[in-house]
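Only heavy atoms go into these numbers, but all of them, side chains included; no hydrogens, no water, no symmetry mates. Note that ligands are numbered from 1 as they come in the structure, with each ligand's atoms numbered from 1 the same way. We're numbering straight along the sequence, starting at 1.
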Amino acid sequence: MKQDLFSKTQNRLTFRYSALLMIFLLLFVFIVYSLVYVVISSNQQQSLNMLLKQETKFVKSLLVEQNDQVEDEYQDIVVAREDAFFYYVVSPEGQLLMGSEASEGLRPKLLNLINGWIPIENEVRKERIETIHPNVEKFERNGHAEDEFKVSIDLLMTGQPIFYKGEFLGMLYIGKNVSFLYQLLKWLLVIMLSLTVLFVGVAIYMSRLMSKRAMIPIENAFLKQKEFVADASHELRTPLSVMLSSINALEMQDEVNEDPFSKKLVGNMKAEVKRMTKLVSDLLTLARSDASKNQQAFNKFDIKKMVEKVMQSVEPLAHSKNISLHLEAPDQIELSGDEEKLTQLMYILLDNGIKYTTPQGHVKVLIKQRPNAVEIRVADTGVGIHKDEQKRIFDRFYRADKSRSRQMGGHGLGLAIAKWIVDMHKGTIKVESEPEKGTTFRISLPQ
Ligand code: ADP
């Protein structure tokens, strides 16, 4: 239980530390990438627009000079260069007047892209075209699927109309290959995200280490407190047993027995001392359960016999409340476990069953052989437990109905001890209950 509590807190701390770090990392990646993207894109657009201006001047002078005879001979006057992937000059009628492109054979695709496009001032369009890698010769492609050699080219395109003395001479389009930059951006993103994943791994590791460190003083304080409870309960046992034997001796005195007031006082004292002895012994059991690292004393024993013995010892209590006890079990059923602790478990459950059942009720124990496990059910026809309280009844000092439980002499430690005993046997304990109808505790213990 202690381990559970600390590892839960540690996991929660680790999760929070690493989630925070992850958010910062992702934010960092997002900001850096967006900045780089915006800077590169605007830079590219600017340089394309500059190029367009220069080329426009040049093409304009050409068109003006040779207004009447722009034909094939001008096709190659402006050549697509490294920074201009293509350039085309289209007549007002939509005819290609001049043009060139970096990669032969792409002309139809490129013309298709600019067909009918009239860019507004400084408009830049981004397009992607698919083509076969220019270095792959036709014969190499024989026998291979075309897809294997496909490359995509990212283009930034712009264009501008050319006027001379108010006359529209044609449209100039220029495209720039920015594949390399987009590849660079893609890789930058991949690298940054991979680094983020790596850093998240490191962050989780570091957070775990840090949260572990943070837990050390808390764990020590918790341990000290447990030790204190264990020592205090242990020290309290001796004076309590001395008190009980003194009260027993007092009870035998004639003077006490003859005086009803003294007899009542001594009787009350005895009940309270017994209650306190039980509380101290339960506290000690739980304090030791926290400190001990499973000092198991497991041996094989007949569980039916053990349950019968417990039932015999609680029989007078049941009888005094007119409650009937039943046992249903196979003749012999063996279990490997700590007999003393399991006896205590049965005692707690039967005691509760009787305590929280009204007179004329029934408490029944059912033992069943399951595959590799023994199931024990303790069912009563008592007051029952509300659904929202069922989760909490195994907590220390939790009492569903405080006034009733106190009246019954309970202090809310019984089921916490029961749960610890079941846990140490690697079993499970579950409760099913309906208010005013009854409660069933279902325990499964591996054999
Ligand atoms: P207590 O000493 O108060 O009985 P437990 O830990 O044994 O403490 O039980 C916790 C609470 O669970 C009790 O206060 C009671 O309200 C409820 N409870 C336990 N067993 C039963 C039962 N058989 N029927 C109804 N309520 C029960």
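Here Glu389 has no heavy atoms under 4.0 Å from ligand 1, in either its backbone or its side chain. When heavy-atom distances to ligand 1 are checked against a 4.0 Å cut-off, Phe394 has no atom that comes that close, whether in backbone or side chain.
Using a 4.0 Å cut-off to heavy atoms of Gly414, the atoms of ligand 1 that qualify are 5 (P), 6 (O), 7 (O). For ligand 1, the atoms closer than 4.0 angstrom to any heavy atom of Ala400 are 11 (C), 14 (O), 16 (O). Of all the atoms in ligand 1, the ones that sit under 4.0 Å from a non-hydrogen atom of Lys355 are 1 (P), 2 (O), 4 (O). Residue Ile385 has at least one heavy-atom neighbour below 4.0 Å for each of these atoms of ligand 1: 18 (N), 25 (C), 26 (N), 27 (C). Set against the non-hydrogen atoms of Tyr398, the atoms of ligand 1 under 4.0 Å away are 10 (C), 11 (C). Here is the list of ligand 1 atoms found below 4.0 Å of a heavy atom in Ile393: 10 (C), 12 (O).
Taking the six-membered ring wherever Trp is involved, the centroid distance between the rings of Phe86 and Tyr88 falls below 6.0 Å.
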| task | Please test Arg107 against Glu101 for salt bridge (charged side-chain N to carboxylate O under 4.0 Å, His left out), starting from the C-alpha separation and ending with a verdict. | result | CA-CA 7 Å; Arg107 182 168 287 191; Glu101 57 284 298; 2.9 Å; yes
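Side-chain atoms of Gln44 and Lys176 form a donor-acceptor pair, as typed in the model, at a separation below 3.5 Å. Side-chain polar atoms of Gln160 and Glu121 form no donor-acceptor pair below 3.5 angstrom. In this model, no donor atom of one side chain and acceptor atom of the other lie less than 3.5 Å apart for Thr381 and His362. With 3.5 Å as the limit, one finds a donor-acceptor pair spanning the side chains of Asn322 and Gln360. Side chains of Asp338 and His425: no donor on one and acceptor on the other come within 3.5 Å.
A salt bridge links Glu375 with Arg370; the closest basic N to acidic carboxylate O contact falls under 4.0 Å.
When the heavy-atom distances from atom 20 (N) of ligand 1 to Val378, Leu413, Asn352 are ranked, the shortest goes to Asn352.
Distances between N or O atoms of Gly412 and those of ligand 1 include at least one value under 3.5 Å. Inclusion of Arg399 in the set of residues having an N or O under 3.5 Å from an N or O of ligand 1 is not warranted. Annotation: Ala416 places no N or O atom under 3.5 Å from an N or O atom of ligand 1; distance criterion only. Polar contact check, Ile348 against ligand 1: no nitrogen or oxygen pair lies under 3.5 Å apart. Distances between N or O atoms of Leu415 and those of ligand 1 include at least one value under 3.5 Å.
By the 30° and 60° cut-offs, the orientation of the rings of Phe394 relative to Phe441 is perpendicular.
Of all the heavy atoms in Ile393 and Leu415, the pair that sits closest is O-CB, 3.4 Å.
Put simply, no part of Gly382 is less than 4.0 Å from ligand 1, judged by heavy atoms.
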